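What follows is a set of notes on a single structure, which appears directly below.
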2 protein chains.
Amino acid sequence: MNTSKKETVLTLRDALFVILSVFLLFAATVLFAADGDSQLMDRARTVFGPLPSSMPAPDNPITPEKVKLGKVLFWETRISVDRTVSCVKCHPIGLYAADGLKKAIGNTCKENPRNSPTILNAAAQISAHWIGNRTGVEDQAKQALVGPPSFGMPSYESVEKILRGMKGYVVMFKEAFPDDKEPVTVDNFAKAIGAFERTLMTPAPFDDFMKGNAQALTDRQKRGLKTFLNTGCITCHFSPYLGGQMYEKFGKFEPYEKYTKSEKVDEGRFTVTKNPADKFFFKVPVLRNVAETPPYFHDGSVARLSDVVTIMAKIQLARDLTPEQTGDIVAFLASLTGKIPDSVLTVPILPSED
Amino acid sequence: MNTSKKETVLTLRDALFVILSVFLLFAATVLFAADGDSQLMDRARTVFGPLPSSMPAPDNPITPEKVKLGKVLFWETRISVDRTVSCVKCHPIGLYAADGLKKAIGNTCKENPRNSPTILNAAAQISAHWIGNRTGVEDQAKQALVGPPSFGMPSYESVEKILRGMKGYVVMFKEAFPDDKEPVTVDNFAKAIGAFERTLMTPAPFDDFMKGNAQALTDRQKRGLKTFLNTGCITCHFSPYLGGQMYEKFGKFEPYEKYTKSEKVDEGRFTVTKNPADKFFFKVPVLRNVAETPPYFHDGSVARLSDVVTIMAKIQLARDLTPEQTGDIVAFLASLTGKIPDSVLTVPILPSED
């Protein structure tokens with residue numbers, strides 16, 4: 001009986017020991033995990049920073065009247081040479097404001113030189129488009145009007161004439177630019193479009209995570225974020241937009257066309273600057289909503305995001321990612337798919353033609 | 001003094017008489033006008049009838065799930081051969097669901113044979129399009145997928161393959177057609193688009209007038225309505241849609257091309273039936289929102305609504321309207337510009353591609 005009692009006591013002590021160990025292990029895991037999340041949040045905040053609610057510009061302050069006008073103009077086809085092109089043609093909102101084509105198609109089916117980038121979260125980049133030939137969203141909007149493969153209008157005056165012929169626009173331009181003697185100008189067109197685009201922010205689960213909600217990302221997405229931070233992706237893809245802040249050579253370690261199977265080689269920023277050091281340099285694209293805006297690269301030559309991640313690691317970082325790492329990063333990138341503001345998801349009624 | 005008093009009495013009596021006369025005249029005018037409005041309302045109700053809230057079809061009952069799916073599909077470009085064509089391309093909502101072009105432009109810039117009609121209030125017509133080669137909105141939607149100048153897809157199967165490749169669509173088709181073993185088919189595509197289009201009603205000031213609100217139309221619009229009723233326009237433009245219920249020869253009294261300056265003569269319904277009696281017959285178009293959907297006629301050959309009214313009176317009714325009458329009718333037609341439902345004025349987010 002003594003033996004039996006002793007055994008029982010030992011068993012109880014063992015049980016208590018086991019329970020305590022399990023508890024401590026659990027607590028340590030939770031604390032460690034929470035600490036891991038917290039560390040990851042801190043790093044992410046440092047590298048990326050918070051997404052602002054809009055992107056004001058010193059020379060184009062955002063006003064409700066400008067944004068309203070800009071939104072209407074964004075949908076306007078009647079100021080293109082064949083009356084089929086509006087901003088929304090290459091930036092359809094329901095496809096996250098990219099067009100799903102390899103290269104954008106403009107008036108009379110002319111192919112544009114490069115892939116149409118989303119205009120969501122796009123205004124705070126160093127330039128618009130891919131190679132630095134558009135200083136910003138306002139400049140892009142203005143140049144598009146007379147760009148041969150985009151709106152294709154013969155002159156800025158021809159656009160102004162059409163807009164001045166529609167009473168609805170005369171009223172809206174006056175409201176948006178009350179101090180201007182002649183408010184209906186292409187420069188004001190550009191400012192209105194720019195003001196509208198500067199409001200196109202899409203906060204995403206990733207932002208919730210950076211704000212402290214550890215549940216906003218899955219474990220796989222957190223692993224992907226860590227890999228994204230640790231393998232060098234952030235050398236180029238930093239800021240709240242995860243890109244858009246610099247130009248970089250596409251194909252640092254190997255020619256890009258070897259992997260993208262591009263039909264022709266694009267010399268990128270060199271075609272603007274004629275500086276040999278700029279050969280094959282392109283603006284680093286913003287990665288917000290990237291999962292929803294295939295196909296990829298300046299020429300839309302790659303359709304799948306996982307292929308893009310593999311190629312980027314290979315030719316920009318000279319790294320071979322494991323399929324697991326690639327999958328993790330793709331999962332993380334999906335956490336950048338954001339909510340398009342309701343105000344952007346409404347179709348404006350365009351002014352009458354007479 | 002007596003004389004003076006008598007004069008005063010007479011003056012008072014005269015004044016009373018004048019006041020009474022003015023009052024009676026005023027009352028008579030009001031009563032007569034009210035009676036005139038009331039008579040006009042009665043006639044309008046008899047000829048046109050009330051706009052329904054939707055247009056159900058026996059073989060395509062409207063359900064919220066079908067409408068939701070139909071709206072997404074309405075915006076879908078990735079099921080066209082060059083990935084640029086969706087229903088909304090030729091029916092942009094912000095332009096009252098017509099495209100403002102003479103003739104619609106489809107894939108790879110192919111010109112369609114005729115002008116794109118609005119799809120607002122369009123589903124209850126005898127057929128879709130102009131010449132009776134589309135039995136209704138469902139048939140139109142289905143045929144458009146493989147129509148060489150519209151979506152241009154090589155086969156219905158190729159469309160189904162693309163739709164089945166997007167998880168978001170598989171879920172939505174299943175919800176919309178829960179009893180179907182294979183819900184993702186082009187026939188269900190057509191039903192979903194049709195259900196969506198059957199909800200596209202735009203009640204207008206004219207409907208308020210028919211409901212009894214005499215203030216809903218201006219005096220000029222009322223005069224225009226009377227002229228519209230009395231000169232014979234309603235021979236063809238009747239029903240709540242003011243058209244869409246019959247085919248009629250375009251140019252009953254004189255060849256239409258004499259006035260429209262059409263580039264080429266279109267034989268209309270004859271090209272479908274090969275019956276010589278159908279030469280130059282076209283479906284009578286719906287007039288709702290007509291003020292907002294230039295250019296006009298099957299070939300978009302006339303840009304101004306006042307010219308259209310003049311031409312129609314001339315060649316369909318052998319009447320020369322006075323400029324005043326034409327202006328009145330144009331004013332009346334503007335009362336048919338309706339309110340596009342908010343639900344239609346939102347852009348659906350399209351399913352992801354993988």
Side-chain angles (χ1 to χ4, degrees), chain A residues 71-80 82-86 88-90 92-111 168 202 289 291-295 300 303-306 330 334 337-340 342-354, chain B residues 71-80 82-86 88-90 92-111 168 202 289 291-295 300 303-306 330 334 337-340 342-354:
Chain A
K71 183 178 163 180
V72 177
L73 290 169
F74 194 81
W75 288 78
E76 182 56 76
T77 50
R78 295 166 293 178
I79 49 174
S80 63
D82 67 350
R83 293 169 60 102
T84 71
V85 181
S86 63
V88 87
K89 183 178 201 296
C90 299
I93 309 294
L95 285 172
Y96 288 83
D99 61 8
L101 302 172
K102 288 187 177 187
K103 295 180 181 177
I105 301 293
N107 76 83
T108 57
C109 278
K110 286 183 191 129
E111 189 179 72
T202 62
N289 302 305
E292 299 296 332
T293 54
R304 289 173 58 93
L305 192 53
S306 55
V330 169
T337 300
K339 180 172 165 29
I340 301 177
D342 287 340
S343 61
V344 182
L345 286 173
T346 55
V347 183
I349 305 281
L350 302 187
S352 300
E353 213 153 329
D354 54 67
Chain B
K71 183 178 162 177
V72 177
L73 289 169
F74 194 81
W75 288 79
E76 182 55 77
T77 50
R78 294 167 295 178
I79 49 174
S80 63
D82 67 351
R83 292 169 60 101
T84 72
V85 181
S86 63
V88 88
K89 183 180 202 294
C90 299
I93 308 294
L95 285 172
Y96 288 83
D99 61 9
L101 302 173
K102 288 187 177 188
K103 295 180 181 178
I105 301 293
N107 76 84
T108 56
C109 279
K110 285 182 192 131
E111 190 179 72
T202 63
N289 302 305
E292 299 296 332
T293 55
R304 290 173 57 94
L305 191 53
S306 54
V330 169
T337 300
K339 179 171 164 33
I340 302 177
D342 287 340
S343 62
V344 181
L345 286 173
T346 55
V347 183
I349 306 282
L350 304 186
S352 299
E353 211 152 330
D354 54 68

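Letters go in sequence order (proteins before strands), and every chain restarts at 1. The analysis underlying the following values was restricted to heavy atoms, covering all of them including side chains, and did not include hydrogens, waters or symmetry mates. For clarity, every value in this text was computed on a predicted model and none was experimentally measured.
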I need the residue from A:E353, A:K89, A:E292, A:R304 with the largest number of non-hydrogen atom pairs under 4.5 Å to chain B.
A:E292
Cut-off 4.5 Å, heavy atoms of chain A, and the answer for B:S352 is both
Treating A:R83 as the side-chain partner and B:G100 as the backbone partner, does any N or O pair qualify as donor plus acceptor under 3.5 Å?
yes
Region of B:D82 that comes under 4.5 Å of a non-hydrogen atom in chain A
backbone
Nearest-0.5 Å distance that lies between atom CG in B:L350 and atom OH in A:Y96
9.5 Å
With only heavy atoms counted, which part of B:I340 is less than 4.5 Å from chain A, the side chain, the backbone, both or neither?
side chain
Between A:T108 and B:C109, the two heavy atoms sitting closest are C-SG, 3.3 Å
Rounded to the nearest 0.5 Å, what's the gap from CG on B:L101 to OG1 on A:T77? Could you check?
7.0 Å
Identify which of B:I93, B:L95, B:V88 forms the greatest number of heavy-atom pairs closer than 4.5 Å to chain A.
B:L95
